[in-house]
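What follows is a set of notes on a single structure, which appears directly below.
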Amino acid sequence: MYHKVSENHRDFLTVDKVQFNEQIEFLSKRYNFISFSDLNFYLEGAKTLPENPLLITFDDGYYDNFTNAYPILKKHNVPFGIFLVSDFVGKEIIHDGKIQKFLGIDELTEMSHLAQYACHSRRHENINDISENNLKEEISACKSNLKELNLDVQPFWAYTYGAFPKKHPEKMKKLIKAFESSEIKAAFRIGNRINNLPIKSPYRIERLDIRGDDNFLKFSFKVRFGKIL
C-alpha cells in the first residue's frame with residue numbers, strides 16, 4: 001500500500017522515485033502482479049490467482065501517482081489499483097493540514113489501461129466516526145460519485161486510516177451488511193500481515209504499509225514476512 005511518490009522526498013507516507021523503481025524491480029522478479037479485477041474474479045470463484053500474487057495499491061489518489069509513479073509502473077507493465085476519495089477527485093484542497101493536489105478525470109482515464117479504481121470514502125472520514133445509520137449512504141454515495149465520472153469502479157473499499165470497528169462486532173456486522181447492499185465485495189485494512197489463501201475474511205484483507213522512511217532491507221523483509229516488530 002502506497003500513498004505518494006515524490007521526486008526526492010521521503011517520509012512515512014512518501015517514497016521517492018528512486019525507491020519506488022527499486023521496489024518495483026525487486027517485486028517484479030519475485031511476484032506475479034494482479035489487478036483489482038483479477039481479485040474480483042477470484043473472490044467470485046471464476047478465476048484462480050497465480051503463484052505468489054501481489055496487488056499494488058495507492059490510497060487517496062494524489063496527483064503524483066500520475067506524474068511519478070505511473071511512468072515507472074508503465075515501464076514495467078505493472079497493473080495497479082487506486083482507492084479514490086470521491087470528493088477529492090480533480091481538486092486542490094487542504095488535506096492533512098496542507099494544500100494537496102489530487103488526480104482528475106484526465107489522469108485517471110490516461111492510466112486506465114493499467115490502473116483500476118475503487119472506493120476510499122467521500123471525504124476521507126474515519127468510518128468508525130460514521131453512525132451506523134449512515135454507513136450505507138456513505139458507501140453507496142462514494143461508489144456512485146465515482147461511477148458518475150465514467151470510471152470502471154471495482155467493488156472494493158479501503159478503510160481510511162486503516163480503521164474499522166474490529167472491537168465492536170455488532171457495528172462490524174452492520175458495516176458488512178452495508179457493504180453487501182452496495183455490492184462492495186471486499187474491504188482492505190492495513191494490518192501489515194501477509195494474506196493467506198484462500199481469503200477467509202474478505203472485509204479484512206491485509207495490506208502492507210510501504211513507508212519512505214524504511215530502508216530497502218526493511219522493505220524487503222516486510223514484503224516477504226509481513227509486520228516487523
Find out if a path of hydrophobic residues (ILVMFWY) with successive side-chain heavy-atom gaps under 4.5 Å connects [X] to [Y].
{"X": "I184", "Y": "M172", "answer": "yes"}
{"X": "V15", "Y": "I190", "answer": "no"}
{"X": "F83", "Y": "L151", "answer": "no"}
{"X": "M1", "Y": "Y161", "answer": "no"}
{"X": "L54", "Y": "L39", "answer": "no"}

Is it the case that the side chain of [X] and the backbone of [Y] share a donor-acceptor pair, with hydrogens and angles ignored and the cut-off at 3.5 Å?
{"X": "S140", "Y": "S182", "answer": "no"}
{"X": "N40", "Y": "F36", "answer": "no"}
{"X": "Q154", "Y": "A118", "answer": "no"}
{"X": "E22", "Y": "Q19", "answer": "no"}
{"X": "N192", "Y": "G226", "answer": "no"}
{"X": "N215", "Y": "K218", "answer": "yes"}
{"X": "T14", "Y": "D11", "answer": "no"}

For this session: Could you please spell out the steps behind the side chain to side chain contact (heavy atoms under 4.5 Å, CB included) verdict for F58 and V5?
Result: CA-CA 10 Å; F58 294 82; V5 180; 4.0 Å; yes

I'd like to know if [X] pairs up with [Y] as an ion pair, taking the criterion as any Lys NZ or Arg NE/NH1/NH2 lying under 4.0 Å from an Asp or Glu carboxylate oxygen.
{"X": "K173", "Y": "E170", "result": "yes"}
{"X": "K174", "Y": "E132", "result": "yes"}
{"X": "D59", "Y": "K4", "result": "no"}
{"X": "D16", "Y": "R10", "result": "yes"}

For this session: Give the intermediate values and the outcome of side chain to side chain contact (heavy atoms under 4.5 Å, CB included) for residues I127 and W157.
Result: CA-CA 11 Å; I127 208 161; W157 185 277; 4.1 Å; yes

When rounded to the nearest 0.5 angstrom, what distance separates [atom1] in [X] from [atom2] in [Y]?
{"X": "N128", "Y": "L175", "atom1": "CG", "atom2": "CG", "value": "9.0 Å"}
{"X": "K227", "Y": "E206", "atom1": "NZ", "atom2": "CD", "value": "9.5 Å"}
{"X": "S144", "Y": "I139", "atom1": "OG", "atom2": "CD1", "value": "12.0 Å"}
{"X": "F20", "Y": "I72", "atom1": "CZ", "atom2": "CD1", "value": "6.0 Å"}
{"X": "L13", "Y": "S6", "atom1": "CG", "atom2": "OG", "value": "11.5 Å"}
{"X": "R122", "Y": "T160", "atom1": "CZ", "atom2": "OG1", "value": "12.5 Å"}

For this session: Sort and list the pairs that fulfil salt bridge (Lys or Arg N to Asp or Glu O under 4.0 Å) and have at least one residue in residues 72-98, not counting sequence neighbours.
Result: D87-R123

Given side chains that start at C-beta, do those of [X] and [Y] come closer than 4.5 Å, heavy atoms only?
{"X": "D60", "Y": "L84", "answer": "no"}
{"X": "T48", "Y": "Y42", "answer": "no"}
{"X": "S121", "Y": "E138", "answer": "yes"}
{"X": "I205", "Y": "N195", "answer": "yes"}
{"X": "P50", "Y": "I34", "answer": "yes"}
{"X": "S220", "Y": "F26", "answer": "yes"}
{"X": "N150", "Y": "I105", "answer": "no"}
{"X": "L197", "Y": "P53", "answer": "yes"}

Can you name the closest pair of heavy atoms from [X] and [Y] and give their distance?
{"X": "G104", "Y": "V89", "result": "CA-CG1, 4.2 Å"}
{"X": "I94", "Y": "G97", "result": "CG2-C, 4.0 Å"}
{"X": "A115", "Y": "Y117", "result": "CB-OH, 3.5 Å"}
{"X": "I82", "Y": "G61", "result": "CG2-CA, 3.8 Å"}

For this session: Apply side-chain hydrogen bond (donor to acceptor under 3.5 Å, both in side chains) to Q116 and S37, showing your working.
Result: CA-CA 8 Å; Q116 294 181 320; S37 57; 3.2 Å; yes

For this session: Can you label the angle between the Y70 ring and the F66 ring as parallel, tilted or perpendicular, going by 30° and 60°?
Result: parallel

Exercise. In terms of ring plane angle, is the pair F102 and F88 parallel, tilted or perpendicular, where the classes change at 30° and 60°?
Worked result: tilted

So for atom [atom1], which belongs to [X], do other residues, nucleotides or ligands contribute more than 12 heavy atoms lying within a distance under 6.0 Å?
{"X": "K222", "atom1": "NZ", "answer": "yes"}
{"X": "H76", "atom1": "NE2", "answer": "yes"}
{"X": "Y31", "atom1": "OH", "answer": "yes"}
{"X": "F12", "atom1": "CZ", "answer": "no"}
{"X": "E44", "atom1": "CD", "answer": "yes"}

For this session: List the steps and the verdict of side chain to side chain contact (heavy atoms under 4.5 Å, CB included) for F156 and L43.
Result: CA-CA 11 Å; F156 301 132; L43 292 173; 3.8 Å; yes

Problem set entry | Option from L103, L73, D106 for which side-chain contact (heavy atoms from CB on, under 4.5 Å) with M111 holds | L103

Exercise. Centres of the Y203 and F188 rings: under 6.0 Å?
Worked result: no

Problem set entry | Distance flag, aromatic centroids of F33 and F80, threshold under 6.0 Å | no

For this session: Evaluate side-chain hydrogen bond (donor to acceptor under 3.5 Å, both in side chains) for T67 paired with D64, printing each intermediate quantity in order.
Result: CA-CA 5 Å; T67 56; D64 63 34; 5.9 Å; no

Problem set entry | Stacked cation flag K101 on Y63, 6.0 angstrom / 45 deg | yes

For this session: Any chance you could lay out the side chain to side chain contact (heavy atoms under 4.5 Å, CB included) test for R207 and Y2, step after step, and finish with the verdict?
Result: CA-CA 10 Å; R207 288 191 296 167; Y2 292 91; over 6 Å; no

Exercise. Judged by modelled atom types alone, do S35 and D38 share a side-chain donor-acceptor pair under 3.5 Å?
Worked result: yes

